[in-house]
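Only one structure is covered here, and it is reproduced in the block below.
Chain letters run A, B, ... following the sequence lines, proteins first and then strands; every chain starts at 1.
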Amino acid sequence: MKKTEETYVHAPEVAERLSWLRGQLLSWFGGKGRSFPWRDHGRAPYEVAIAEILLQRTTATGVARVYPGLIERYPSWETLAQAPLEDLERALRPLGLWRQKAQAFQRLAQSLKEHEGGIPRSRAELEGLRGVGPYTASALLAVVYGQDEPLLDVNMARLLDRFFERPEDAGVGRDRSLNQLARHLVSGERSLQVNWAVLDFGALVCKARRPRCQECQLQSRCQHALSRATPTSNTLSG
DNA sequence: CTCCAGTCTC
DNA sequence: GAGACCGGAG
C-alpha cells in the first residue's frame, strides 16, 4: 500500500513543518533578502516579462547588471519588436543563452502586439508562448497578477529536497509531490515574499555547491543539516 | 569544473 | 528522458 502525495503533504507533521519553514524564510528575508529592480512595486508587466526571460537559467546578479540598460534601450514591446536582432543579441551576450533570449523577446513582442490584453492571464495561454514554460508562466501569474503560484525553480526544489528528505519518491511521483509541497509553502498571505525568500535563500545560504548549514537558521529542523551534522557511520575509532 | 528565477528539440 | 543552448562567477 503506497500513500499518495496528498497524504504526505497534509500529514499534520508535514503541514506544521511547512508552516514553520515559511515563517523562518519570511523572517530571514526581512533582514537578508536581496533587492532587484524587477521586484520593485509598480513595475510594468513588460518589464517583469523581460526580467523573467533574462532570469532563465541565469544568475540574478548577472541579470541585474544588464537589466537597467536593456529596459532603457528597449522600453516597450514596440521598440523591442523593431530592434535589429543583432543589436539585441549583442546586448545579451554577456549573460549566455543570448540567441534563445533574443529570439524569445522578439517572438513575444510579435505575439503580444496582436494580443490586446497584454500578458495573458491563463497558464494555458502563457505556456503557448515561445520561450514561456511552466516556471515563467508561474512567475508571470505571481508577479503580474498576484496569484499564489509557487516559483518552483532549481532553488526551491533543492531547498525542499533537503529540508524534507522525503522517503522513496525518486520515481514519477517526485515531480507531483514536489509541486504539492511548493504550492503549500507559498499559499496564503505574502505568497510572493515567500517565493522571493526561497530564491534568495537558495542563492545565498542553501546553495547547490557548499550549503551554509552552520549558519543556517533552518538547521535545527532540516533533514539535510541534521544528517550531515551526525554522519551515519563513525569510522573514526579504527 | 559546476552551477545559474528553464525551455525546446529529438 | 537526454542534449543543446551559453557566458560568467566561484
Taking any heavy-atom pair under 4.0 Å as a contact, classify A:R158: base, sugar-phosphate, or nothing. sugar-phosphate
Closer than 3.5 angstrom, by distance alone: can the side chain of A:S227 be matched with the main-chain N or O of A:H224 as a donor-acceptor pair? yes
Salt bridge (Lys or Arg N to Asp or Glu O under 4.0 Å) between A:R123 and A:E127, intermediate numbers included: CA-CA 6 Å; A:R123 169 170 298 276; A:E127 292 193 21; 2.9 Å; yes
Pairs under 3.5 Å (Watson-Crick or G-U), crossing ones as [ ], inter-strand ones as |: DNA chain C comes out as |||||.||||
Close approaches to DNA chain B from residues 47-66 of chain A, in residue order (heavy atom, under 4.0 Å): A:E52, A:L55, A:Q56, A:R57, A:T58, A:T59, A:A60
Which residues in residues 189-215 of chain A have a heavy atom closer than 4.0 Å to any atom of DNA chain C? A:R209
For A:C206, does its backbone N or O pair with a side-chain atom of A:R158 as donor and acceptor, under 3.5 Å? yes
So if I take residues 86-98 of chain A and measure heavy-atom distances to DNA chain C, which residues fall below 4.0 Å? A:R93, A:P94, A:L95, A:G96, A:L97, A:W98
Does A:E189 form a salt bridge (Lys or Arg N to Asp or Glu O under 4.0 Å) with A:R22? I'd like the steps, not just the answer. CA-CA 11 Å; A:E189 293 299 304; A:R22 174 196 171 80; over 6 Å; no
Just verifying a value: how many Å separate A:L126 CG and A:T136 OG1, rounded to the nearest 0.5 Å? 9.5 Å
Check every strand shown and say whether A:L152 touches a base, only sugar-phosphate, or nothing at a heavy-atom separation below 4.0 Å. nothing
Could you work out, with side-chain contact (heavy atoms from CB on, under 4.5 Å) as the rule, every residue matching A:R107, not counting sequence neighbours? A:Q103, A:R130
In this structure, CD1 of A:I71 is separated from CD of A:E47 (nearest 0.5 Å) by 5.0 Å
Identify the 5'-most and 3'-most nucleotides of DNA chain B with at least one atom closer than 4.0 Å to a non-hydrogen atom of chain A. B:dT2 to B:dT9
